[in-house]
Participant: 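Dumping the structure here so I can ask a few things about it.
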Amino acid sequence: MIVTGIRGSVQASINQKRNSDSIVEVVTAEDIGKMPDKNVADSLQRVPGVNIATAGGTEGGFGENDRVSLRGTPSALTLTLLNGHSVSSGDWFADNIVGGGRSVSYSLLPSDIIKRVTVYKGGQADVLEGGATGVVDIETRKPLEFKENLSGSVSLGAVKSSLSGKTDPQMSALINWKNPENNLGVMLQVFDQKRTLRRDGQEFLWWDTLDANAPDIVAKEPGLKGKYISLLTGSAWFEQERERRGGLLDVQFKVNNQLTFDVNGFTSRLNAPNVNHNYMQVPISMLSNTWAGGGIVPTYTVSGNTVTSISFPTTCPIADCSRMSSGVQDIFARPVAYADSKFLNLEAEFKASDKLVFNGKLGTTKGVGHTESVGFEIWTPYSGGSYQLHGIDGPATVVIPGSNVYSNGGANGHGISTFGSTVTSTDKEDYAQLDGRWTTEWANIPTVKFGVRAANHSRSLEFIPIQQSPLGNEASFPTSSLINFPSDFGSALGGGVLSGAWTLPMSAVDAWAKQYTTFSGHGLQNEFTIKEPTQSGYVMADLSSDIVSGNFGVRVTRTQEKVGRNEPNAAGGYDAVVHEHTYWDVLPSANFRIDLAKDFVGRFSVSRTMARPELGQMAGLDLRDIQKTGTVGNADLTPIRSTNSDVAVEWYFAPKSMVAVDVFNMNLDSYVTFGSGTGVYYNQSAKAFTTYNVSTPVNTTAAVRGIEFSYIQSLFGGFGVNANYTYTKGHETGKAPASACATVNNCDMIGLSKNVYNLGAYFENDKFSARVAYNYRSTFLNGVDRRSAVYQLGVGTVSAAVNYNLTKNIALSLEGKDLNDPLLRSYATSPDQPRAFYKNGRQFFFGLRATM
């Protein structure tokens, strides 16, 4: 009897893990189909040692898992492959377009395409280099693997997002044909999945002291000296329409028993137009009289180093408040924003003899990220106001009198300030590789594998700034289009944010921009081009005996980095400069599997691995003009190398059941952290060169160690349970100059959560199945933004799925994501300085699936 469904998927995953020579985790397509897994990251979050994030950086989550990392390390150190080859992807969010480039956006990879996902938690010589802490290989279905000559499936459904209140369609379909001789097959998959997103939030975008920003006030109030104050506190209403469309085509042709060809192409595009309405309180304007001195002395309270409350009178208490603003409305419209990923891969397998088989791959992959940003900014006249912090427990209580009625004036005079750009990144790789497998006559080394690979990787960034027409002033303001924040805005957060603030819809901002602005010229200081040729080769032997099996080998790789960017010169212009470096890496690995006793398996693994630096970290430039802060790339970053070891024991105590424990250790050379300094760059808002305080990525060292526990058990009557827990301890071990580790002894690693665990249960019979899962990740350092560390607090999510088989070929499903309506919370350098609060709401999926 063949067991399918949840129990079948559990058994398949356990069997593949048990029989593997290396330390791996496996997720199968059937397992994915029984949970609300809408992209590959949703499925991987239940695997021990895997961390997921709902954003690519520090921009906060958007209700969809987007990045995958292993064992508490940054996602850039985890390599994602598709069918064993590299895949490029873009990002739609500008900061990630500029600063990213290695980690794949899983928002582009729907779960529908999956046959199986294998997670390698260490090095293996025949697996492509580039994952210092591990590799995720996503395998798609192949036409000749299907049992029937003609088969297919279609899924039709809808998703309702609780916060936006919108219901959107979801569709995916597959059709597969193969001839009766089973030597020619064609498979086509398509998908079109839409979701309307609303996110309610409160953002604290500028934590700083007043010592340099408002020295007159500090002189009058010494109690404020050295104290941190929230200088931009925003009530942020984010709206986005996401639509992921694309497909996968695979053609297999078996010429004869010796030669088989496979052509595989994939495309996915995420259209993601969005607008962020952010009405911000600006104490800095009232304290400094808009940076001119002579501001208002506030009423305030201080706890530790933080100003926990501040209040200004509603009427001007000094001679002149005409240059002050209590608030500023920033409407950041991105009417065009998308990310895409595509590849074309030709693969051939040739059996030269009974003993020797060759496999070749030739392909290209390309990812594009693009966003057209229009910042529409209106400063309001002085009206006083206040904020009262509640730490990280909940949003601050913010008051800006008159924020519900449009007004214009104050700090920026009368007029509309505009900032923005069109930013496009293109990530591309052409590759060719040849692998061989030789079956030997040696009993203990039955197989030797070897191969070579060459690739040309490139990354470019185009930055076209926005230019405002002189006519685009206050008189052009589209007052007829004014709206207010939703009446229930912030209720999901528990209150505190502004109620009913005025704003404009994205359509009005877009129409205004088309009339009064243009995108022209080039932001030379932002643009860059990186070329990265690589070559590698390996040899690996499989080991087999009555007790021990495994593999051992070595991979050697050569990387050339050619980082081209524009750097300021003494004449006030720019020089095109190319920084060139060449790196060699020798990457040995050994993986051993030992049958300790019946149903007991022991494993030991050691390896040397590497990951190349984030492309944006080598050349990107991301500035905040008002705060005069930013992040600037470092063209001299070296690859991140890691020496890894694992010791694991697995007990397969019953069918579809297991218990496993794995102790791991990673010592990372040239790990990337952030230092600080200053630099002179062109300020788009001020239209002048300005000195910025900047963060710069630099190499250091780090160590990570921990332990993973896994438990799966099939119970009586179709019930089953699963649980896993990962404890990770890691820190920077080097004191990189001007880094937080060197200056304030904060050696936290980006992305490291000490505690990650998953709990699940299921029930299944011939007609009905149900599954529920809880996933938790503890607090972690999410990155550096505006020279401030950003920590995301621990958060847990609940998902559930119910499936009912109407017939053998038709099933109904009801699924829910984020059913506990999680609150995303982050803070700056300490928990008494909140950074953001976000709510995305719950998602409910309704579907019908038919197969033939």
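Heavy-atom basis, side chains included; hydrogens, waters and symmetry copies ignored.
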Participant: Any salt bridge between Glu349 and Lys142, counting N to O under 4.0 Å?
Facilitator: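 Lys142 and Glu349: not salt-bridged.
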
Participant: Identify, with sequence neighbours excluded, every residue that meets salt bridge (Lys or Arg N to Asp or Glu O under 4.0 Å) alongside Glu429.
Facilitator: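 Salt bridge (Lys or Arg N to Asp or Glu O under 4.0 Å) list for Glu429, sorted by chain: Arg453.
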
Participant: Using distance alone, with no hydrogens and no angle criterion, decide if Glu64 and Asn39 have a side-chain donor and acceptor under 3.5 Å apart.
Facilitator: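 Checked: Glu64/Asn39 side chains pair up, N/O donor to acceptor below 3.5 Å.
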
Participant: Have Asn345 and Asn264 got a donor and an acceptor in their side chains that come within less than 3.5 Å?
Facilitator: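 Asn264 and Asn345 do not have a side-chain donor-acceptor pair below 3.5 Å.
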
Participant: Gln170 side chain to Lys194 main-chain N or O, any donor-acceptor pair under 3.5 Å?
Facilitator: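 Such a contact is found between Gln170 side chain and Lys194 backbone.
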
Participant: Report yes or no: do Ser589 and Arg555 form a side-chain donor-acceptor pair below 3.5 Å?
Facilitator: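 Checked: Ser589/Arg555 side chains show no N/O donor-acceptor pair below 3.5 Å.
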
Participant: For atom NZ of Lys366, decide whether the heavy atoms of other residues, nucleotides or ligands shown that lie under 6.0 angstrom number more than 12.
Facilitator: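 For Lys366, atom NZ is not crowded (no more than 12 foreign heavy atoms under 6.0 Å).
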
Participant: Given 3.5 Å as the limit, does a donor-acceptor pair link the side chain of Ser89 with the main chain of Ser341, or not?
Facilitator: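 Side chain of Ser89 to backbone of Ser341, a donor-acceptor pair under 3.5 Å: no, none is there.
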
Participant: Going by an N to O cut-off under 4.0 Å, is there a salt bridge joining Arg116 and Glu139?
Facilitator: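 Judged by the 4.0 Å cut-off on N to carboxylate O distance, Arg116 and Glu139 do form a salt bridge.
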
Participant: Quick check: does any side chain N or O of Thr54 sit under 3.5 Å from a backbone N or O of Asn65, one acting as donor and the other as acceptor?
Facilitator: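 Absent.
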
Participant: Is it the case that Arg608 and Thr643 place a side-chain donor and acceptor less than 3.5 Å from each other?
Facilitator: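 Looking only at side-chain atoms, Thr643 and Arg608 do form a donor-acceptor pair, the distance falling under 3.5 Å.
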
Participant: Does Phe343 have its ring centroid less than 6.0 Å away from the ring centroid of Phe266?
Facilitator: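 Yes - the distance between ring centres of Phe343 and Phe266 falls below the 6.0 Å cut-off.
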
Participant: Work out which heavy atom in Phe519 is nearest to a heavy atom in Ile464; give both atom names and the distance.
Facilitator: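 So the two residues come closest at C-CG2, 3.6 Å.
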
Participant: Who are the side chain to side chain contact (heavy atoms under 4.5 Å, CB included) partners of Arg269, not counting sequence neighbours?
Facilitator: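 With sequence neighbours excluded, Arg269 shows a side chain to side chain contact (heavy atoms under 4.5 Å, CB included) to Asn271, Tyr338, Asp340, given in chain and number order.
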
Participant: Look at atom NZ of Lys531 and say whether more than 12 heavy atoms of other residues, nucleotides or ligands are closer to it than 6.0 Å.
Facilitator: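 Not buried by this count: 12 neighbours or fewer within 6.0 Å.
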
Participant: If you measure only the distance, is there a donor-acceptor pair under 3.5 Å linking the side chains of Asn456 and Asp430?
Facilitator: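 No, no side-chain donor-acceptor pair sits under 3.5 Å.
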
Participant: Which heavy atom of Ser13 sits nearest to which heavy atom of Val27, and what is that distance?
Facilitator: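 Here Ser13 and Val27 meet closest at OG-CA, 4.2 Å.
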
Participant: Please determine which of Asp585, Thr534, Thr559 meets the side chain to side chain donor-acceptor pair (under 3.5 Å) test together with Arg612.
Facilitator: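 Between Arg612 and the candidates, side chain to side chain donor-acceptor pair (under 3.5 Å) is satisfied uniquely by Thr559.
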
Participant: Can you see which heavy atom on Ser107 is nearest to which on Asp66, and at what distance?
Facilitator: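 Answer, listing the atom of Ser107 first, then Asp66: OG-OD1, 2.5 Å.
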
Participant: Quick one about Arg195 and Gln193 (side-chain donor to acceptor, distance below 3.5 Å, no hydrogens or angles considered), yes or no?
Facilitator: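 No.
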
Participant: Using the six-membered ring of Phe664, assess whether NZ or CZ of Lys121 lies under 6.0 Å from its centre and within 45 degrees of the ring axis.
Facilitator: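 Output no; distance or angle outside limits.
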
Participant: Give a yes or no on this: more than 12 heavy atoms of other residues, nucleotides or ligands lie within 6.0 Å of atom CZ of Arg245.
Facilitator: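 No, the 6.0 Å shell around CZ holds no more than 12 heavy atoms from other groups.
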
Participant: Testing the 3.5 Å rule here: is there a donor-acceptor pair between the side chains of Asp137 and Thr118?
Facilitator: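 No pair is found: no donor N or O on one side chain lies under 3.5 Å from an acceptor on the other.
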
Participant: Return the minimal non-hydrogen interatomic distance between Ser642 and Asn644, and the atom names on each side.
Facilitator: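 In this case the closest contact between Ser642 and Asn644 is OG-OD1, 2.5 Å.
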
Participant: Under 3.5 Å, is there a donor on one side chain and an acceptor on the other for Glu347 and Asn83?
Facilitator: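 No - no donor-acceptor pair under 3.5 Å links their side chains.
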
Participant: To check you understand the geometry: which heavy-atom pair defines the closest contact between Ala41 and Tyr106, and what is its length?
Facilitator: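 Closest approach of Ala41 to Tyr106, heavy atoms only: N-CD2, 3.6 Å.
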
Participant: Taking atom CZ of Arg641 as the centre, report whether more than 12 heavy atoms of other residues, nucleotides or ligands fall under 6.0 Å from it.
Facilitator: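 Atom CZ in Arg641 is crowded, with more than 12 foreign heavy atoms closer than 6.0 Å.
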
Participant: Is it the case that Asp112 and Ser172 place a side-chain donor and acceptor less than 3.5 Å from each other?
Facilitator: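 Their side chains do contain a donor-acceptor pair, which is all the 3.5 Å distance test asks for.
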
Participant: Decide whether Asp250 and Gln252 meet the rule of one side-chain donor and one side-chain acceptor closer than 3.5 Å.
Facilitator: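 Per modelled atom types, Asp250 and Gln252 side chains form no pair under 3.5 Å.
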
Participant: Phe62: what forms a ring pair (Phe, Tyr, Trp, His ring centres under 6.0 Å) with it, not counting sequence neighbours?
Facilitator: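 Trp92, Phe238.
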
Participant: Check the side chains of Thr696 and Asn634 for a donor-acceptor pair under 3.5 angstrom, ignoring hydrogens and angles.
Facilitator: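 Note: Asn634 and Thr696 side chains miss the donor-acceptor criterion.
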
Participant: With distance as the sole test, does Asn551 use its side chain to make a donor-acceptor pair with the main-chain N or O of Gln124 at under 3.5 Å?
Facilitator: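 The answer is no, because no donor-acceptor pair under 3.5 Å joins these two groups.
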
